[in-house]
Amino acid sequence: MPDPNHLWNVPATLLSGQCFRWCRSPDGEWYHVAGDTVIGLVPVAGGVRWQTFPLADQWEKVTRAFRLEVNLDDLYHQWATSSTEIAAAVAAYRGMRVMRQETIEVFFAFLCASCNTIVKIQRSVRWLATRYGYPICTINGLTFHRFPDARALAEASEEELRAARWGFRAPRVIELAQMIADFPDDWFHQLSQIEYQEARQQLVALFGIGLKIADCICLFGLGHDEAAPIDTHTRRAAERLISGSMPRTLTINHYERLAETMRRLFCRPGWAQQYFFAEAVLSPAALINPNSAVSEQMILPEARRLAG
DNA sequence: GGCAAACCTGGACGC
DNA sequence: GCGTCCAGGTTTGCC
C-alpha cells in the first residue's frame, strides 16, 4: 500500500471551505465523502495514514480527490517569485491542497453559498445528501451518503427545501436540478474536458449561476485550475495586488480584473486563491489544536454523540 | 457601467 | 432577552 508522504495538510485542506461533508472523529480521524467512496485520514509523523470504504485500498481515489499529483513545492516557488502577498498564507497553511470533488455536489453546495455561512452550508449540503442520496457505508455508527444525482434532486419539493432552511435558494435548486436532469448524462464530464473559459461560459448561462459560483464549480468540481473565484474575502487580497480605484461593489468588470490579475501572477491561480481564502476565514489555531472552539463546532453532531 | 435592494435563515454581538 | 447585523451571491431595476 503506498504511503502518502506528499506535502499534504489534511486539516487545512478539509477545513478551508472548499468541501462541506468532511467530519472528524473525537480521536482525530478525518473522513471525506468522495463520490461513492469514504476516505478516512489520520495525519501522522511524516505523512498521512489513509483508508477507503466500503472498498479498501482505493489509492487512485485518494490521489484524485486530494490532487496529490500536484507538486506544492514547485507551486510555492513560482508564487514566491511573483508576489510577496501570499507568503504569510503559504506559511500558515503549508500543505493545503485544492480538492477535486463530484461536480454535482460542488454545483449545489456553492449554489447554497449565497449570503450564507460555511457552517450553514455544511448543514444544508449534508441534509441534501442524507435526504436524497443513498447510503455508502457506516463507520463507527456514522452513515455516509453519496450525493444525489440531478434526477433525484429534481423530485424535491420547494416546501421541503424551505423547511430544511434552504430559504430563497430552494426554487433555484429545483429548477437547476430539472434543467441538468434534461442535459446529456455526461454534461459535467464534457465541461471538464473543454477549455476553462468555455466551461465557465456554459455555467454562467444558467439562471442563478454567476461568475463566482461558476468559478467554484470549475475549480473544485471540474479541475480547471485557471479558475480563481473572487468572493468577499479573496476580493480584499486580490485588491492588494493591483492599483487604481476600487468600486464599492464587486461588479462584473471588477471581478474579471481581479481574477485576471490572479491568473497573471500565479501558476494555478485557483490554488493561490484558496490560500488567500484560508488566510481570511480560517484560524491557524484550529489546525494546531483540533479541540479549539473553531474546529469543535465543525464536528458532526453524530461524532459528538459518539464522544459523549 | 455602477449601485442598491430583495431574497431566507440563524449565529454573533451589543445593550 | 431582544434587536441588529451580516454571511463565500445573483438578479433586477434605476440612475
Side-chain angles (χ1 to χ4, degrees), chain A residues 12-22 89 93 96 98-99 101 105-128 156-176 179 200-221 227-239 244-259 262 269-283 286 292-299 301:
Chain A
T13 302
L14 293 175
L15 288 169
S16 61
Q18 53 179 313
C19 68
F20 303 99
R21 286 206 295 142
W22 58 267
Y93 304 105
M96 182 173 68
V98 164
M99 297 171 68
Q101 304 167 63
E105 179 160 351
V106 174
F107 188 100
F108 287 101
F110 282 94
L111 188 64
C112 173
S114 301
C115 296
N116 222 341
T117 61
I118 290 178
V119 172
K120 288 202 282 184
I121 300 167
Q122 288 175 332
R123 189 188 307 157
S124 297
V125 176
R126 284 169 179 160
W127 178 84
L128 219 52
S157 72
E158 185 177 331
E159 292 71 26
E160 193 175 19
L161 285 174
R162 283 187 183 273
R165 298 173 178 82
W166 275 75
F168 65 89
R169 308 164 194 90
R172 283 187 194 167
V173 170
I174 297 167
E175 284 167 24
L176 285 166
M179 207 176 290
R200 183 205 211 202
Q201 207 171 346
Q202 288 197 37
L203 288 165
V204 168
L206 302 175
F207 184 85
I209 305 293
L211 290 175
K212 195 270 174 176
I213 294 179
D215 275 337
C216 287
I217 298 166
C218 283
L219 178 62
F220 304 123
I230 306 294
D231 56 45
T232 52
H233 300 293
T234 49
R235 174 188 178 181
R236 292 176 206 128
E239 286 180 341
S245 64
M246 309 295 168
R248 284 167 58 88
T249 55
L250 187 55
T251 63
I252 291 175
N253 281 343
H254 192 47
Y255 183 102
E256 296 288 31
R257 184 178 171 216
L258 296 176
M262 296 285 286
W271 291 59
Q273 169 275 155
Q274 195 60 26
Y275 279 78
F276 285 128
F277 182 80
E279 187 180 34
V281 303
L282 190 56
S283 158
S292 71
V294 171
S295 61
E296 188 65 25
Q297 74 180 59
M298 295 166 123
I299 297 175

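Naming convention: chains lettered A, B, ... in sequence-line order (proteins, then strands); numbering from 1 in each chain. Just the heavy atoms: all of them, side chains too, but no hydrogens, waters or symmetry mates, feed the values below.
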Backbone N/O of A:Ile217 and side chain of A:Arg200: donor-acceptor pair under 3.5 Å: no
Is the backbone of A:Ile174 close enough, under 3.5 Å, to the side chain of A:Glu158 for a donor and an acceptor to pair up by distance? no
Taking C-beta and beyond as the side chain, do [X] and [Y] meet within less than 4.5 Å on heavy atoms?
{"X": "A:Phe276", "Y": "A:Asp231", "value": "no"}
{"X": "A:Phe108", "Y": "A:Val125", "value": "no"}
{"X": "A:Thr13", "Y": "A:Met99", "value": "yes"}
{"X": "A:Tyr255", "Y": "A:Asp215", "value": "yes"}

Calculate the interatomic distance between [X] atom [atom1] and [N] atom [atom2]; express it in whole Å.
{"X": "A:Lys212", "N": "C:dT11", "atom1": "NZ", "atom2": "P", "value": "14 Å"}
{"X": "A:Gln122", "N": "B:dT9", "atom1": "CD", "atom2": "P", "value": "20 Å"}
{"X": "A:Leu211", "N": "C:dT10", "atom1": "CG", "atom2": "P", "value": "7 Å"}
{"X": "A:Arg172", "N": "C:dT11", "atom1": "CZ", "atom2": "P", "value": "7 Å"}
{"X": "A:Ile252", "N": "C:dT11", "atom1": "CD1", "atom2": "C1'", "value": "10 Å"}
{"X": "A:Phe168", "N": "C:dC6", "atom1": "CZ", "atom2": "P", "value": "16 Å"}
{"X": "A:Trp127", "N": "B:dT9", "atom1": "CH2", "atom2": "C1'", "value": "15 Å"}
{"X": "A:Asn116", "N": "B:dC8", "atom1": "CG", "atom2": "P", "value": "13 Å"}

For DNA chain C, please output the secondary structure as dot-bracket, reading 5' to 3'. Pairs are Watson-Crick or G-U wobble, both atom distances under 3.5 Å; mark crossing pairs with [ ], other-strand partners with |, unpaired with a dot. |||||||.|||||||
With a 4.0 Å limit, can you tell me whether [X] has a side-chain N or O closer than that to the phosphate oxygens OP1/OP2 of [N]?
{"X": "A:Thr249", "N": "B:dC3", "result": "yes"}
{"X": "A:Arg123", "N": "B:dG11", "result": "yes"}
{"X": "A:Asn253", "N": "B:dG2", "result": "yes"}

Measure from the side-chain heavy atoms of [X] and tell me the nearest of [options].
{"X": "A:Thr251", "options": "B:dG11, C:dA7, B:dC3", "result": "B:dC3"}
{"X": "A:Phe207", "options": "C:dT12, C:dA7, C:dG9", "result": "C:dT12"}
{"X": "A:Ser114", "options": "B:dC3, C:dG9, B:dC8", "result": "C:dG9"}
{"X": "A:Lys120", "options": "B:dC3, C:dA7, C:dT10", "result": "C:dA7"}

Separation between the P atoms of C:dG3 and B:dC8, rounded to whole Å: 22 Å
Relative to the 5' end of DNA chain C, which residue comes earlier, A:Ile213 or A:Arg169, by the nucleotide with the nearest heavy atom? A:Arg169
Just to be sure I understand the rule, does [X] reach a base, reach only the sugar-phosphate, or reach nothing, if contact means heavy atoms closer than 4.0 Å?
{"X": "A:Leu111", "value": "nothing"}
{"X": "A:Leu250", "value": "nothing"}
{"X": "A:Tyr255", "value": "nothing"}
{"X": "A:Gln274", "value": "nothing"}

Point-to-point distance, once rounded to the nearest 0.5 Å, from CZ of A:Arg21 to CD of A:Gln101: 9.5 Å
Please list, chain by chain and in numerical order, all residues satisfying salt bridge (charged side-chain N to carboxylate O under 4.0 Å, His left out) with A:Glu175, sequence neighbours excluded. none
